[in-house]
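Following: one structure in structure tokens, then a few remarks.
Bear in mind that the values here come from a model prediction, so they are computed numbers and not experimental data. Proteins get letters first, then strands, A, B, ... in listed order; numbering begins at 1 in each.
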Amino acid sequence: MPELPEVETTRLGLIAALEGKRIVSAEVRHPRLLRRQDNPADFAARLEGRTVRSLGRTGKFLMFEVDDDFTWVTHLGMSGRMSIDPIGSAEVPHTHVVVRTGHSEVRMVDPRTFGFTVVFTPEELAASTLGRLGPDAWTDLPRSAELMTRAGRRTIAVKSLLLDQRFLAGLGNIYADEVLFRARVAGTRPASSLTFEEMKAIRAAIRPVLGAGLRHGGTTLGDLAYLLPDGRAGEYVRRLKVYGRQDEPCRRCATLIIRQQIGGRSSFSCPLCQI
DNA sequence: ACCTCCCTGGCC
DNA sequence: GGCCAGGGAGGT
């Protein structure tokens, strides 16, 4: 599922196809993906004939700056991906968004339609949930002391806090588990119970875990839902230490990895290494 | 700080 | 045939 490394890999993969390119046509075939667009007709009207200036990202949101101050925002949800294809080439099923330039087509494929795409004016952007996102976990990671302050007296499980995009933007279910394993902290721990040392360990784990995910092109699971824009699979799945490894030995201590629900999410951890 | 919902392919 | 995966929004 696309989390920060997958979204960032997608962004980097789209730069050559979109940056500085004029959009010839923009089409959304599945109305559900336009549910964040107040007037669905705005999507095409605001993109067609305009030039994409820069490709940005905050957390799991792709944010492309388009001429005349529009921002084209895309969230891949859990099953979405973007691809670059020759104009008019055969489409795979669930191709719901097609944005064409003079050179190629950028397509969004999303079987489960948890993703969305929308073109905002500056006012709409500021009023959207993006305005409430926490700092980006990769480019804007706060110091441990600030994380400690913001965790405060919250009794929420620390894993749930890491998944809260208002606290920190970018981590999802896979990387949150991997971060907590590296930090040797159990995800069930109330955030308020963390010592400063433990928060430092969590903070220190975030960059290496996300960086490794990025280096390997993100995590493509067995369902092949997530692929890079050029169609390759991400290889980070082979490096996962706990996610999806229930009943397999911990790579550090050989204790069997356990699976439990935290905040309604499947969570994997080593019961010996993580306390 | 919780719960439910959305959606579909893959799996048992 | 039914359950599960889960990001985020909305409700309680």
Report the distance from atom OH of A:Tyr226 to atom C1' of C:dG6, rounded to the nearest whole Å.
17 Å
Can you tell me how far CD of A:Glu65 sits from CZ of A:Phe70, rounded to the nearest 0.5 angstrom?
12.0 Å
Rounded to the nearest angstrom, tell me the gap between atom CG in A:Leu168 and atom P in C:dG7.
14 Å
Under 4.0 Å, heavy atoms only, any strand: does A:Ser160 hit a base, just the sugar-phosphate, or nothing?
nothing
Give a yes/no on whether any side-chain N or O of A:Arg132 is located under 4.0 angstrom from OP1 or OP2 of C:dG8.
no
Report which part of the nucleic acid A:Arg153 touches: base, sugar-phosphate, or nothing (heavy-atom distance under 4.0 Å, all strands).
nothing
Derivation and outcome, salt bridge (Lys or Arg N to Asp or Glu O under 4.0 Å), residues A:Arg29 and A:Glu91
CA-CA 13 Å; A:Arg29 283 87 172 269; A:Glu91 292 181 5; 3.0 Å; yes
Spacing between A:Arg166 atom CZ and B:dA1 atom C1', to the nearest angstrom:
10 Å
When rounded to whole Å, the CG to P distance for the pair A:Leu62 and C:dG8 reads 12 Å
Between A:Arg265 and A:Ala157, which residue's closest nucleotide on DNA chain B lies nearer the 5′ terminus?
A:Ala157
Give the rounded distance in Å between these two atoms: CZ of A:Phe167 and P of C:dG7.
17 Å
From CE of A:Met78 over to C1' of C:dG8, roughly how many Å is that when rounded to an integer?
13 Å
The answer to which of A:Phe268 and A:Thr129 contacts DNA chain C further toward the 5' end, by nearest nucleotide, is A:Phe268
Presence of A:His75 side-chain N/O under 4.0 Å of C:dG7 phosphate oxygens OP1/OP2
no
Would you say C:dA5 has OP1 or OP2 under 4.0 Å from some side-chain N or O of A:Ser79?
no
Can you spot which of A:Lys159, A:Arg265, A:Lys241, A:Arg182 makes a salt bridge (charged side-chain N to carboxylate O under 4.0 Å, His left out) with A:Asp177?
A:Lys159
Rounded to the Å, how far apart are A:Glu3 CD and C:dA5 P?
15 Å
Quickly work out the A:Phe116 CZ to B:dC5 C1' distance and round it to whole Å.
16 Å
Pair of N/O donor and acceptor under 3.5 Å linking C:dA5 base with A:Arg112 side chain:
yes
Of C:dG7, C:dC4, C:dG8, the nucleotide closest to the side chain of A:Gln165 is C:dG8
Does a nitrogen or oxygen in the side chain of A:Tyr243 sit under 4.0 Å from OP1 or OP2 of C:dG6?
yes
Can you see if the side chain of A:Arg32 gets near the phosphate of B:dC6 - specifically, an N or O under 4.0 Å from OP1 or OP2?
no
Check ion pair A:Arg57-A:Asp136 (N to O, under 4.0 angstrom)
yes
Is A:Phe114 stacked against the base of C:dG6, taking the criterion as centroid distance under 5.5 angstrom and interplanar angle under 30°?
yes
Output the single nucleotide from B:dA1, C:dG6, C:dG7 whose closest atom is nearest the side chain of A:Ile156.
B:dA1
Find out whether A:Val185 and A:Ile275 are in side-chain contact, i.e. whether some heavy atom of one side chain is under 4.5 Å from a heavy atom of the other.
no
Does any non-hydrogen side-chain atom of A:Thr74 lie less than 4.5 Å from one of A:Met82?
yes
A:Arg36 side-chain N/O to C:dG7 phosphate OP1/OP2 under 4.0 Å:
no
Side-chain N,O (A:His94) to OP1/OP2 (B:dG9) below 4.0 Å
yes
I want to verify a distance call: between C:dA5, B:dC2, B:dC6, whose nearest atom is closest to the A:Ser266 side chain?
C:dA5
